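Here the structure is a predicted model, which means the values were calculated and not measured.
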Amino acid sequence: GWKTEALWDRVKRREDIVYQGYLDDRELATYLRHAAFLVEPSLYEGFGLPVIEALQQGTPVVATPTGIARDLRHPLLTVSESSDPEALAAAMLTALSVRAGGASPVPTWLDSFRQHAALYSEVIHEK
C-alpha cells in the first residue's frame, strides 16, 4: 500500500520474517500454490486482486471485510469479523481447516457481465 515505507523498513529488519520483495507472476503463483493460506488484512482495498489471485491458485484466503471480500462467497475465503489481531487470528485458525484441492472456480469479468445482464433483463421485463 501507499505510505507504508516505515512499516516495510521494520519488516525487513526482523530476523523471523523473510521479505521477498517483488515477485514476478510465475514466482507469485508458485508461492501461492504452496501457501497454507493468504492473509489480506486490508483497510482500504480496492477490488481485491491479491484475493482473486490466491483463490485462482486454489489457496485459502483470510481477508478483512473490505473490497471484494465483503461480497464474494467462495469456499476457500474466510472473512474475519474485523481487522483487529484477535479476529484475524481466529479467521486464520478457521482457514487452516480448509483444504485446497487445486484451483477453484473464481468469478470472471464475463461471469459478472452475464449476471448483471440477466438481472437488468429481469428488471426491465418486470415493468
Side-chain angles (χ1 to χ4, degrees):
W2 55 93
K3 299 181 183 179
T4 59
E5 292 82 13
L7 169 67
W8 290 118
D9 288 342
R10 289 195 330 256
V11 166
K12 291 174 189 177
R13 285 195 299 266
R14 292 193 50 165
E15 292 183 18
D16 59 337
I17 296 176
V18 177
Y19 178 77
Q20 292 297 327
Y22 174 80
L23 299 172
D24 66 33
D25 291 343
R26 241 171 127 167
E27 293 171 314
L28 178 60
T30 299
Y31 274 90
L32 288 173
R33 278 194 307 274
H34 291 90
F37 52 82
L38 169 81
V39 180
E40 179 71 1
S42 178
L43 299 175
Y44 304 107
E45 181 60 39
F47 177 71
L49 290 178
V51 170
I52 294 295
E53 290 172 330
L55 292 175
Q56 285 178 330
Q57 296 300 322
T59 303
V61 174
V62 172
T64 49
T66 59
I68 193 169
R70 283 187 313 242
D71 304 316
L72 181 64
R73 301 296 173 257
H74 193 280
L76 297 179
L77 175 62
T78 302
V79 180
S80 72
E81 293 178 13
S82 69
S83 60
D84 71 73
E86 292 79 18
L88 282 169
M92 286 185 234
L93 287 173
T94 299
L96 284 174
S97 67
V98 174
R99 296 284 179 247
S104 228
V106 176
T108 65
W109 287 114
L110 182 57
D111 296 330
S112 178
F113 169 78
R114 286 182 176 144
Q115 290 171 0
H116 279 89
L119 178 61
Y120 296 149
S121 178
E122 181 182 323
V123 169
I124 289 170
H125 289 100
E126 285 182 2
K127 289 185 174 189

* Asked: Hey, is Asp24 close enough to Arg26 for a salt bridge, meaning N to O under 4.0 Å?
  -> no

Hey, could you give me the [atom1]/[atom2] distance between [X] and [Y], rounded to the nearest 0.5 Å?
{"X": "Glu40", "Y": "Leu49", "atom1": "CD", "atom2": "CG", "answer": "9.5 Å"}
{"X": "Phe37", "Y": "Leu93", "atom1": "CZ", "atom2": "CG", "answer": "8.0 Å"}
{"X": "Arg10", "Y": "Ile17", "atom1": "CZ", "atom2": "CD1", "answer": "10.0 Å"}

Determine the minimum heavy-atom distance between [X] and [Y], stating which atoms define it.
{"X": "Ser83", "Y": "Leu88", "answer": "O-CD1, 3.6 Å"}
{"X": "Glu53", "Y": "Leu28", "answer": "OE1-CD2, 3.7 Å"}
{"X": "Ala95", "Y": "Pro60", "answer": "O-CB, 4.4 Å"}
{"X": "Met92", "Y": "Val62", "answer": "CA-CG2, 3.9 Å"}
{"X": "Ala63", "Y": "Leu77", "answer": "CB-CD1, 4.2 Å"}
{"X": "His74", "Y": "Leu55", "answer": "ND1-CD2, 3.8 Å"}

* Checking Thr64 side chain against Ser42 main chain: does a donor-acceptor pair fall under 3.5 Å? ->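 It does hold such a pair.
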
* Taking Thr59 for its side chain and Leu32 for its backbone only, find out whether a donor-acceptor pair lies under 3.5 Å. => yes

* Answer yes if Val11 and Val18 sit in the same cluster of Ile, Leu, Val, Met, Phe, Trp and Tyr residues linked by side chain heavy atoms under 4.5 Å apart, and no otherwise. =>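 Val11 and Val18: separate clusters.
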
* Would you say Glu81 has more than 12 foreign heavy atoms packed within less than 6.0 Å of its CD? -> no

* **Neighbour count above 12 (heavy atom, 6.0 Å) for Asp25 CG** =>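 No - once you tally the heavy atoms of other residues, nucleotides and ligands closer than 6.0 Å, there are 12 at most.
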
* Just checking, any donor-acceptor pair under 3.5 angstrom between side chains of Thr30 and His34? -> no

